[in-house]
Amino acid sequence: MAYGNDLDRGPFLNTIHWTFLSISLVVVSLRLISRRLLEKKHWEIDDGYIVLAMAVILVRTIYIAVCVHLGFGQPFDTLMAQDPEKTIRLTRLLTILEAMSLWTWTLPKLPVATLLVRLFGGTYKRLGPILYCLVVFLIIWVTILTVIAFVQCTPVERNWDHGVDGTCWDRHVYSTIAYFTIAYSAALDFAFAIYAICRISSLQIERSRKVLIALSLSLGIPAGGITLYKLSTIVSAFDENGPTWALVPLEVWNCVESCALIIAAAVPMTRPVMSLIGNQTKYFVTRVTRCSDPDGRRNTKSQTEWAVSNKDRGKESQLHTNTQTNNSSEEILLERLSHGVKAGDTCKV
């Protein structure tokens with residue numbers, strides 16, 4: 001993958017970040033609107049976690065834009081030849097960015113774990129402690145990586161300015177821990193998604209609805225795949241062209257991974273609003289189709305117009321009823337899940 005042109009990867013990096021940030025903001029907004037306006041429920045702690053993760057991703061995206069403005073994405077030697085002082089300032093910012101990026105794919109695990117506990121914790125009381133311990137274990141390793149990012153060189157300034165006299169740890173110390181932490185993060189994504197699919201598949205509900213709900217809860221699988229692919233980009237961070245050029249692939253996939261996790265955490269709770277949008281769109285298309293005359297002539301018979309109008313009103317009333325039924329079905333499903341529907345129980349929605 002080229003990650004932009006051969007002279008400046010910065011514009012490509014900026015485009016990727018703002019595009020995925022926009023998609024994530026839309027999905028998270030739909031989740032919050034769905035819960036507050038359509039389901040008439042208060043926001044839960046998992047909503048707070050996802051807002052926190054989204055805020056960190058937003059701050060990081062703005063931070064990336066500042067770094068690109070300073071030359072992030074261009075070869076290190078080229079920047080040093082143009083303005084050495086500015087380049088050293090940029091590498092210091094990139095050291096901070098490296099630590100910040102670790103949390104953009106860690107924090108989204110919290111809303112996913114909390115959602116699973118809220119849905120399935122009713123029948124398995126130990127589910128909460130198990131999932132939270134798994135996430136806390138990841139947070140511990142990410143914290144270790146964050147600390148190592150700054151203390152691996154003495155003095156600290158040598159992390160971004162190799163002209164300063166001092167010593168640094170073997171770079172394989174950091175890379176080995178990073179490999180383990182990222183692999184563990186991917187394992188969590190797969191485990192959370194597979195667990196949700198297994199629980200949903202055991203419920204006796206309509207097959208099509210079961211598939212849709214299982215798919216919405218299984219988005220962690222592609223997120224885990226992205227995480228595994230990101231492992232292959234770690235080695236590129238030590239490219240001879242310097243951090244201003246070599247870190248771009250890693251930051252691109254950090255962005256894609258973090259936004260994929262946010263979407264995976266938000267999509268399952270957007271079903272009511274998506275159902276409403278789908279029904280309203282279907283109704284609008286039906287009205288437009290009925291109002292159009294394929295022969296290009298208006299029907300002048302008042303009796304026919306009255307019949308069509310009356311039929312449309314009936315369709316509108318039926319659509320409103322169906323929308324309420326769909327929302328109620330989702331609420332019933334989530335309510336039964338939250339109280340722990342056991343495998344084999346009947347859940348007619």
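Just so it is clear, the values below take in all heavy atoms, side chains as well, and ignore hydrogens, waters and symmetry mates.
At distances below 3.5 Å, at least one donor-acceptor pair connects side-chain atoms of T104 with backbone N or O atoms of S101. Remark: the backbone N or O of A265 is paired with a side-chain donor or acceptor of R31 at under 3.5 angstrom. Put simply, the side chain of D83 gets close to the backbone of K86: a donor and an acceptor are under 3.5 Å apart. Side-chain atoms of T114 do not come within 3.5 Å of backbone N or O of P111 as any donor-acceptor pair. Looking at H17, its side chain does come within 3.5 Å of a backbone N or O of L13 through a donor-acceptor pair. In terms of modelled atom types and a separation under 3.5 Å, the side chain of R158 and the main chain of V164 share a donor-acceptor contact.
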Chi angles and distances behind the side chain to side chain contact (heavy atoms under 4.5 Å, CB included) call for I57, L107 = CA-CA 10 Å; I57 293 175; L107 293 177; over 6 Å; no
Run the numbers on Y3 and W253 for side chain to side chain donor-acceptor pair (under 3.5 Å), then give the verdict.
-> CA-CA 11 Å; Y3 301 100; W253 290 106; 2.9 Å; yes
Candidate pair E98 and Y174, rule side chain to side chain donor-acceptor pair (under 3.5 Å), full reasoning = CA-CA 12 Å; E98 184 179 359; Y174 182 88; 3.1 Å; yes
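Checked against disulfide (SG to SG under 2.5 Å), C198 has no partners two or more places apart in sequence or in another chain. T106 pairs by the side-chain hydrogen bond (donor to acceptor under 3.5 Å, both in side chains) definition with nothing, not counting sequence neighbours. For Y63, the ring-ring contact (aromatic ring centres under 6.0 Å, His included) criterion is met by no residue, not counting sequence neighbours. Considering only residues two or more places apart in sequence or on other chains, Y179 meets the side-chain hydrogen bond (donor to acceptor under 3.5 Å, both in side chains) condition with none of them. The side chain to side chain contact (heavy atoms under 4.5 Å, CB included) search around T91 returns F76, I88, W160, P243, T244, not counting sequence neighbours. Residues passing the side chain to side chain contact (heavy atoms under 4.5 Å, CB included) test with P129, sequence neighbours excluded: none. Contacts of Y132 classified as ring-ring contact (aromatic ring centres under 6.0 Å, His included), with partners at least two apart in sequence or in another chain: none. Applying the side chain to side chain contact (heavy atoms under 4.5 Å, CB included) test to A264 and every residue at least two apart in sequence or in another chain returns L219. Under the rule for a side chain to side chain contact (heavy atoms under 4.5 Å, CB included), S201 has no partner lying at least two apart in sequence or in another chain. S185 is linked by a side-chain hydrogen bond (donor to acceptor under 3.5 Å, both in side chains) to K109, counting only residues two or more places apart in sequence or in another chain.
Both L250 and F180 sit in one connected hydrophobic cluster of ILVMFWY residues. Membership requires side-chain heavy atoms under 4.5 Å apart, directly or through other members. Side-chain heavy atoms closer than 4.5 Å link hydrophobic residues (I, L, V, M, F, W, Y) into clusters, and following such links, even through other members, never connects V267 to L110. Side-chain heavy atoms closer than 4.5 Å link hydrophobic residues (I, L, V, M, F, W, Y) into clusters, and following such links, possibly through other members, connects L97 to L247.
Closest heavy-atom contact between L231 and A183: CD2-N, 4.3 Å. Heavy atoms only, all atoms of each residue included: S218 and I197 are closest at CB-CD1, 3.3 Å.
With a 4.5 Å cut-off on side-chain heavy atoms, L70 and L79 do not count as touching. Using a 4.5 Å cut-off on side-chain heavy atoms (C-beta onward), L102 and W105 make contact.
Using a cut-off of 4.0 Å between Lys/Arg side-chain N and Asp/Glu carboxylate O, E251 and K230 are scored as not salt-bridged.
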Give every donor-acceptor pair under 3.5 Å between a side-chain atom in residues 18-30 and any protein atom, sequence neighbours left out.
{"residue": "T19", "atom": "OG1", "partner": "T15", "partner atom": "O", "Å": "2.7"}
{"residue": "S22", "atom": "OG", "partner": "W18", "partner atom": "O", "Å": "2.7"}
{"residue": "S24", "atom": "OG", "partner": "F20", "partner atom": "O", "Å": "2.9"}
{"residue": "S29", "atom": "OG", "partner": "L25", "partner atom": "O", "Å": "2.7"}

For residues 134-154, tabulate all N or O donor-acceptor pairs below 3.5 Å that involve a side-chain atom, not counting sequence neighbours.
{"residue": "T143", "atom": "OG1", "partner": "I139", "partner atom": "O", "Å": "2.7"}
{"residue": "T146", "atom": "OG1", "partner": "W103", "partner atom": "NE1", "Å": "3.1"}
{"residue": "T146", "atom": "OG1", "partner": "V142", "partner atom": "O", "Å": "2.8"}

